[in-house]
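Worksheet: the structure to be examined is printed underneath.
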Amino acid sequence: MCRVCGGAVHEFFDFGRQPLSDAFLDPAGVGHEYFFRLAVGICESCTMTQLIDEVARDRMFHEAYPYHSSGSVRMRRHFEETAQLLLDSHLTGPDPFIVEVGCNDGVMLKTIDKAGVRHLGVEPSGGVAQLACEQGVRVRVDFFEESVASAIVAEDGPADVIYAANTMCHIPYIGSVFRGVDALLAPDGVLVFEDPYLGDILRRNTFDQIYDEHFFFFTVRSVRNAASRFGFELVDVERLPVHGGELRYTIARAGRREPSPAVEEVAAEELELGLAAPADFDGFAASVNRIRDDLMGLLRGLRAEGKRVVGYGATAKSATVTNFCGIGPELVSFVCDATPAKNGRLMPGSHIPVRPPEALADPYPDYAVLFAWNHAEEIMAKERAFHEAGGRWILYVPEVHVV
Ligand code: SAM
Ligand code: TMP
Ligand code: ZN
């Protein structure tokens, strides 16, 4: 049943039994791992694309949640620019107040704090919340939902901006979130959120965007429907080049702001692309299966030739790729990743060891699978010496290719 409207959800792809994408294992504690059925479908009524099965939120987001938003230079810059944009647009009144849902390690709010603007991050994962606090960011360790929003407005007053990046799509209880926004947002305030765009996922075959934490896959049409159901209106939309293509949605209380022409423009494009009915996903399954077959063919061939292959970027996305394709340490001996909390651990399900980036040069392998393809420019520049030494990158979106 659809988590937005209660309508029937038509399942269009089943990845089978999958582990939690960010549950990196202690090599000493292997044996107890949680699995669920990763399947995705589209609501036949409101068009919201969503997972079929839901994982309990505290299994995913807790003290040891390992993802650090500040791990990429490009994302740090993106969030500095975002903070500046919010400061210059919606936070110009007397004593403005911004709440960020899912502030992680404070990557965005630290710029807001430096500007001396009143803020609060709501972040359930205690470890990353602590990192944000150490930067001077004010954080409430909690899951954002209706009751928490009511508590915040009682303590701090209404928010001019509620902002969320790569978090709104993580929250299946969207009704509670919108009711919370209704309680907390000032009459003329805005809810701004950005998440991977279903249009880009389909266009670029980025099937690895589908994993436990990514519950919703938004479009202008589905977000517009969801907003209006809770008394809100989509008033602006902007394309973002990060994480393989995202949309940033600006939502206001219904009738309070004139929608920008961009909303109609992107909505019209979506009508051409589809993204609204089960038949629009007919080609998706074939693309995913083709990529799996091509990638496995390439990796098995390289193993037969005696080539050394490692991975780069122990992303949440890579859990879907390795477990759906059946890639283990026999094909990819280890994965380099700079995140301290992932290091020395094993990847969920596949049990491929995670090692620090320095392991790449020790000695350089013949090939490296770039699981963090959304950070390709940054990583390839950092590891230029690998390529200069004859090493080759394997990419698998939008099709399997070697560079
Ligand atoms: N905003 C950061 C960024 O874009 O890099 C972090 C994104 S991270 C993928 C998602 C974050 O949302 C995690 O830090 C997680 O703990 C948090 N989160 C999950 N459910 C939440 C909820 N109900 N309220 C607030 N944060 C939540
Ligand atoms: P993401 O695609 O979800 O942002 O995750 C990127 C992962 O790649 C994260 O675990 C950090 C890692 N990473 C590196 O190890 N080195 C880098 O230069 C970058 C940009 C990311
Ligand atoms: Zn629906």
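Residue numbers count from 1 along this sequence. What you are looking at is a predicted structure, and each value in this text was computed from that prediction instead of being measured. Computed from heavy atoms alone, side chains included, the values below leave out hydrogens, waters and symmetry copies.
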### Task
Just do the side-chain contact (heavy atoms from CB on, under 4.5 Å) check on Lys342 and Val335 with the steps written out, would you?
CA-CA 10 Å; Lys342 297 182 183 179; Val335 176; over 6 Å; no
Check: [Y] main-chain N/O paired with [X] side-chain donor or acceptor under 3.5 Å:
X      : Y      : answer
Glu33  : Gly349 : yes
Asn289 : Ala285 : yes
Glu123 : Ser125 : yes
Thr339 : Ala341 : no
Asn205 : Val397 : no
Glu378 : Arg74  : yes
Gln50  : Arg3   : yes
Ser176 : Tyr173 : no
Asn104 : Tyr67  : yes
Thr315 : Ala372 : no

Could you check whether [Y] and [X], counting side-chain N and O atoms only, form a donor-acceptor pair closer than 3.5 Å?
X      : Y      : answer
His119 : Arg138 : no
Arg248 : Thr82  : yes
Tyr163 : Glu194 : yes
Ser147 : Ser150 : no
His90  : Asp160 : no

### Query
Rounded to the nearest 0.5 Å, what separation is found between the CG atom of Asp208 and the OG1 atom of Thr322?
10.0 Å
### Message
As a quick check of understanding, evaluate ring pair (Phe, Tyr, Trp, His ring centres under 6.0 Å) for His62 and Tyr65, giving each step before the final call.
### Response
CA-CA 5 Å; His62 44 67; Tyr65 182 67; 7.1 Å; no
Surrounding [atom1] of [X] (heavy atoms of other residues, nucleotides or ligands, distance under 6.0 Å), is the total greater than 12?
X      : atom1 : value
Glu305 : CD    : yes
Glu134 : CD    : yes
Arg303 : CZ    : yes
Arg224 : CZ    : yes

Angle between ring planes, [X] versus [Y], binned at 30° and 60°: parallel, tilted or perpendicular?
X      : Y      : result
Phe281 : Phe284 : perpendicular
Phe216 : Phe218 : parallel
Phe15  : Phe324 : perpendicular

### Asp200 and Thr206: CA distance, side-chain angles, deciding distance, side-chain contact (heavy atoms from CB on, under 4.5 Å) verdict
CA-CA 8 Å; Asp200 289 317; Thr206 52; 5.8 Å; no
### Message
Let's go through Trp393 and Tyr367 carefully: what are the C-alpha distance in whole Å and the side-chain angles of both, what is the deciding distance for ring pair (Phe, Tyr, Trp, His ring centres under 6.0 Å) to 0.1 Å, and is it a yes or a no?
### Response
CA-CA 6 Å; Trp393 295 103; Tyr367 293 86; over 10 Å; no
### Task
Please step through side-chain contact (heavy atoms from CB on, under 4.5 Å) for the pair Glu100 and Met108, ending with a clear verdict.
CA-CA 9 Å; Glu100 184 178 8; Met108 196 287 286; 3.7 Å; yes
### Task
Under the side-chain contact (heavy atoms from CB on, under 4.5 Å) rule, what do Asp337 and Phe24 come out as? Steps first, then yes or no, please.
CA-CA 12 Å; Asp337 196 289; Phe24 291 83; over 6 Å; no
### Query
Of Leu299, Ile327, Val400, which is the lone residue that meets side chain to side chain contact (heavy atoms under 4.5 Å, CB included) with Val369?
Leu299
### Query
Centroid-to-centroid, Phe207 to Phe13, below 6.0 Å?
no
### Message
Less than 6.0 angstrom separating the ring centers of Phe371 and Tyr312, yes or no?
### Response
no
### Query
Taking the six-membered ring of Phe143 as reference, does the NZ or CZ atom of Arg57 fall below 6.0 Å from its centre and within a 45° cone about the axis?
yes
